[in-house]
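Read through the structure below, which is laid out as C-alpha cells, and then see the notes.
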Amino acid sequence: MTEPLATFPARPSRTPPRAASRAPLGVVLSGGGARGAYEAGVLSYVFGELPASLGLTPEVDFICGTSVGAVNGAFLASVIDDPVAGVGHLGELWTEIRLGDVINFGMKHASQVYRVLTGSEKGESVGFFDARPLAALVHREVRWRRLVRNVRSGRLRALTLTTTHVATGRPTLWVEAGPTVPLPTSLPRNVEVRAGRVGVEHVLASAAIPVLFPPIRIGLDLHCDGGLRLNTPIAPAVHLGAERLLVIGMSSHIGSDTPSLAPGQSPGAAFLLGKVLNAFLLDHVTTDLEELARLNSLIDAGERAFGADFMTRVNAELIANGETPRRRLRALAIRPSVDLGRLAGEHMHEERNRVKRELGKTLLGLLDIGEGADADLASYLLFDGAYAARLVELGRKDAAARRDEIADFMFST
C-alpha cells in the first residue's frame, strides 16, 4: 500500500452541500502535446455551451490529468467555480497560441543534441526544445489562487497530476485534495502518492515529453511526462471515489484501412518517433476503458447468476482479506472522429508556406517527415494557432454530436 509522503494540515470543512443521490464525477484528461487543443474543444462544449443551453451548472468532484491533460486539468480546476466562462477562455488560448509561446528552438538547441543523447554531467536538464515559454504561459494563465480556493472550499474535491520520476521510472501522483478527502491508498505499489499544493513545476513536469522537452526538477528530483506510465489517469479518479468518469482521449477509435507508408517504403526516425509516442501516450485510453467494461460485465453476470447482493458478498470477502472493494462504474469517453496525425499532415501541406515562415526551416524539417499520409510527430509538436483551431472545433463538434448522451451523463442523478 502506498503511503502519502505529506498531508494537508487539518482544516474545518467548508464543503458546500451536494445532491446526496449524485454519483461522484471524475474528469479524466490524457496526454498528447499539441493534441491538447482537442481536449480544450471538448471541454468548451461540455462545460460551456451545453450547460449554458440547459441553464444548469456542472458539478465535478475530481479532475485527473497527465501530460498536456495536466495543463488543461489545472486550468479547468482553476475556473471550475465558473466553468462556462472559464473554458471559453481556454479554447481561445489554444487558438491564439504560436510556437514561440510554448517552445523555443534554434541553432543553440540544435547544437545541444549530443547533450540530449548523452546527458549532462552538470546536472542540467536538457531537451531538444526549451520549455521556458511554456512555463511562462502556464504561470500566467492558470488562476493558481483561485484553484486553491476551489479545492479548499469543496467546489472541487481533488486535482491530481501524474509525472514519471526520472531516476526510478516510477509514476508519481501529485494530489491537491480538500481537507476531508482521503488520499488514494490502494493504487499499484509502484505508484508514489504525494499530497500538497500543485504548482507550475508539477504541470510542466507532467507535460515534459522525454528527449523533446527537458525534465523538470521538483525539489531535488527530476520528473518527466506522466504519460509514460499512467497516461490515462483513470485509476486515481476511481480510487478517490469517482463513480462516473468523463474521459477525453486523443486517439481516434475509428481504424484506418489505408497504410501510413507505401509498400516497401522504409520509415525514418521522425516517423518512428511519432509511432512510439502514439504507443506511450494514446493506447492507454482504450486499454483502461476495456478493463472497466470487463469489470462491469463481470458484475452484471454475477448479479444475474447469484442475485442482487453478489457484489456485497464479494466485497465483504475482499475487505476481509485487506483488498480493495469493487463497484460498477459509468464511463463516457469522447475521442476524435478523425485521426489527428492525418489531420496534422493535411494542415502542414495546406499551410506549408505559412508554417515554414512562422516555425522556421529547421523545425519544419523535423516536423514534416513527408513519408506518409499522417504526421504523428507533428501532431504532438505543432503548437500552431490555426492547427489548434481545427482541433478545438473538432472537439466541440464531436461533443455536440453526442449532446443528449453527455447531458444525461453529466446532469442526471
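A donor-acceptor pair under 3.5 Å is formed between the side chain of R244 and the backbone N or O of F409. A donor-acceptor contact shorter than 3.5 Å links the side chain of S206 to the backbone of T162. At distances below 3.5 Å, at least one donor-acceptor pair connects side-chain atoms of N150 with backbone N or O atoms of A77. At distances below 3.5 Å, at least one donor-acceptor pair connects side-chain atoms of N296 with backbone N or O atoms of L329. When atom types are taken as modelled, the side chain of N72 and the backbone of G36 share a donor-acceptor pair closer than 3.5 angstrom. Using a distance-only test at 3.5 Å, with no hydrogens or angles considered, no donor-acceptor pair links the side chain of R155 to the main chain of D81. The backbone N or O of W144 sits nowhere less than 3.5 Å from a side-chain atom of S78 that would complete a donor-acceptor pair. A donor-acceptor contact shorter than 3.5 Å links the side chain of E176 to the backbone of V198. Put simply, the side chain of R170 never gets that close to the backbone of H165: no donor and acceptor are under 3.5 Å apart. With hydrogens and angles ignored, the 3.5 Å screen pairs a side-chain donor or acceptor of R326 with a backbone N or O of T324.
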task: Please lay out, stage by stage, how Y387 and I97 fare under the test side chain to side chain contact (heavy atoms under 4.5 Å, CB included).
output: CA-CA 10 Å; Y387 172 64; I97 207 166; over 6 Å; no
- request: Assess whether side chain to side chain contact (heavy atoms under 4.5 Å, CB included) is satisfied between L394 and R390, documenting all intermediate values.
  value: CA-CA 6 Å; L394 178 64; R390 297 177 70 166; over 6 Å; no
message: Please evaluate residues L43 and F75 with respect to the criterion side chain to side chain contact (heavy atoms under 4.5 Å, CB included), reporting the C-alpha separation (whole Å), side-chain torsions for both, the decisive distance (0.1 Å), and the verdict.
response: CA-CA 11 Å; L43 293 174; F75 186 94; over 6 Å; no
- request: Let me see the working for R217 and E201 under side chain to side chain contact (heavy atoms under 4.5 Å, CB included), right down to the final yes or no.
  value: CA-CA 7 Å; R217 193 171 297 280; E201 66 276 18; over 6 Å; no
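The number of heavy atoms from other shown groups lying within 6.0 Å of NE2 (H89) is above 12. Other residues, nucleotides and ligands contribute more than 12 heavy atoms inside 6.0 Å of the CZ atom of R140.
Here the straight-line distance linking atom CG of L173 with atom SG of C64 works out to 7.5 Å at 0.5 Å rounding. We find the CZ-CG distance between R157 and D61 to be 5.0 Å, quoted to the nearest 0.5 Å. I334 CD1 to L246 CG: the interatomic distance, rounded to the nearest 0.5 Å, is 5.0 Å. From E39, atom CD reaches atom OG of S67 across 9.0 Å, with rounding to the nearest 0.5 Å. Here E192 contributes atom CD and T163 contributes atom OG1; the two are 8.5 Å apart, rounded to the nearest 0.5 Å. Note that CD1 of I248 and OH of Y38 are 8.0 Å apart. Values are rounded to the nearest 0.5 Å.
A salt bridge between D398 and R335 is absent, with no side-chain N of the basic residue lying under 4.0 Å from a carboxylate O of the acidic one.
Applying the ring pair (Phe, Tyr, Trp, His ring centres under 6.0 Å) rule to pairs touching residues 184-211 yields W174-H202, sequence neighbours excluded.
Residue V392 comes nearest to G91 through the heavy atom pair CG2-O, 4.3 Å, listed as atom of the first residue, atom of the second, then distance. Residues G31 and M250 approach most closely at O-CG, 3.3 Å, considering heavy atoms. Contact between A333 and R402 at its shortest, heavy atoms only, is O-NH1, 2.7 Å.
Among residues two or more places apart in sequence or in another chain, the salt bridge (Lys or Arg N to Asp or Glu O under 4.0 Å) test is passed with E291 by R294.
Taking 4.5 Å as the limit, some side-chain heavy atom of P51 sits within range of a side-chain heavy atom of F411. For the pair R403 and Y45, the minimum side-chain heavy-atom distance is below 4.5 Å. Residues V68 and R35 form no side-chain contact, since every pair of their non-hydrogen atoms from C-beta on lies 4.5 Å or further apart. Within the 4.5 Å cutoff, no side-chain heavy atoms of L50 are placed close to those of L56. Between V238 and L245 the shortest side-chain heavy-atom distance falls below 4.5 Å.
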